[in-house]
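Written out below as structure tokens is the structure these notes cover.
Ligands are counted one by one from 1 in listed order, and the atoms in each one are counted from 1 as well.
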Amino acid sequence: MDSKVLILPAAGSGSRMSLEVPKPYLEIAGRTILEHTLRRFLQLEGLVRVVVAASPERMKQARAILDHALPGSLAATVVEGGDERQHSIRNALVEAGDAELVLVHDAVRPFVTPAQIDACCRTAADCGGAVLGVPARDTIKRTGKGRRIVETPSRRELWQAQTPQVFRRELLVRAYEQAREEHFTGTDDASLVERAGGEVRMVEGSRENFKITYPLDLKLARLLLEEH
Ligand code: CTP
Ligand code: MG
């Protein structure tokens, strides 16, 4: 059984949500979204440590949530996040210890299932990296100058990437180092590993594992979590 560390980036400002409180610290059904998400991972075999990246003014609260939700046997660390999600993950990776696999999961995706987490871990152990995702729902266009459409990639090959994104730790650390050296900023962790030549496979998840991004997502999350 591979040893695993879970990184939960929770240091964003939630600009698309436009609320005072950042998304991971919003409460639904008596718990913060960060805690709902965290609880989805508690049964994971081989999990040895959880690292949360939080903004400076939320570090204390993140610590309190970990202390409250995690069993004492599980190591837990809060690190300061950065301006970009990639910087938050980079800071968290420093605390990853010697675990074999690193799982990165958005603190604002509370609907991931244990089966999906397991499937990603198995694939990553097998080939190096795994990303949970769903087949693209809409036709995607690439536009150029004046928004002229220059390409319509076949939908059969297009996926929407979610998290968890799971990697062998050494591969992910190397990819982050390379991205830093080359001043590359990606929109997810896999893009850094792909760039470094690592193999990353898509694992089919479900649309329920949406990221709470816009006010409408928050409404849906409340509906789903409050009905349980
Ligand atoms: N995140 C982070 N550090 C950042 C930016 C984002 O740790 N500098 C975290 C968020 O807290 C969130 C996850 O990454 O849990 C996914 O990011 P996203 O949904 O984009 O959240 P925000 O960046 O907070 O929202 P927005 O992009 O609307 O500002
Ligand atoms: Mg963001």
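Protein heavy atom closest to atom 13 (C) of ligand 1, with residue, atom name and distance, is Asp106 OD1, 3.5 Å. Nearest protein neighbour of atom 21 (O) of ligand 1, counting heavy atoms only, is Lys23 NZ, 3.2 Å.
Atoms of ligand 1 lying under 4.0 Å from at least one heavy atom of Ser88, given by number and element, are 2 (C), 3 (N), 4 (C), 7 (O), 8 (N). For ligand 1, the atoms closer than 4.0 angstrom to any heavy atom of Lys211 are 16 (C), 18 (P), 19 (O), 20 (O). Within ligand 1, the atoms closer than 4.0 Å to a non-hydrogen atom of Asp83 are 8 (N), numbered from 1 in the order shown. Every atom of ligand 1 is numbered from 1 in the order shown, and the set under 4.0 Å from a heavy atom of Arg85 is 3 (N), 4 (C), 5 (C), 6 (C), 8 (N), 14 (O).
At least one N or O atom of Gly14, backbone or side chain, sits closer than 3.5 Å to an N or O atom of ligand 1. Ligand 1 has an N or O atom lying under 3.5 Å from an N or O atom of Pro9, backbone or side chain. Looking at Arg16 next to ligand 1, an N or O pair under 3.5 Å apart turns up. For the pair Ile212 and ligand 1, the shortest N or O to N or O distance does not fall below 3.5 Å.
Considering only residues two or more places apart in sequence or on other chains, Thr163 meets the side chain to side chain contact (heavy atoms under 4.5 Å, CB included) condition with Arg85, His105, Asp106, Arg109, Gln165. Taking Pro153 as the reference, Glu151, Leu158 meet the side chain to side chain contact (heavy atoms under 4.5 Å, CB included) condition, with sequence neighbours excluded.
With no hydrogens or angles considered, a side-chain donor-acceptor pair links Ser191 and Asp188 at under 3.5 Å.
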| Full working for salt bridge (Lys or Arg N to Asp or Glu O under 4.0 Å) between Glu35 and Arg39 | CA-CA 6 Å; Glu35 183 175 347; Arg39 286 179 180 274; 2.8 Å; yes
| salt bridge (Lys or Arg N to Asp or Glu O under 4.0 Å) between Asp67 and Arg63, intermediate numbers included | CA-CA 6 Å; Asp67 289 344; Arg63 179 80 251 168; 3.0 Å; yes
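Each of Glu45, Glu100, Arg169 was checked for a side chain to side chain donor-acceptor pair (under 3.5 Å) with Ser3, and the lone residue meeting it is Glu100.
The shortest heavy-atom distance from Gly82 to ligand 1 is under 4.0 Å.
Scanning both residues, Ser88 and Gly81, for their nearest heavy atoms gives OG-CA, 3.5 Å.
A donor-acceptor contact shorter than 3.5 Å links the side chain of Arg168 to the backbone of Ala125.
Around atom 23 (O) of ligand 1, the closest heavy atom drawn from Ala54, Ala11, Gly12 belongs to Gly12.
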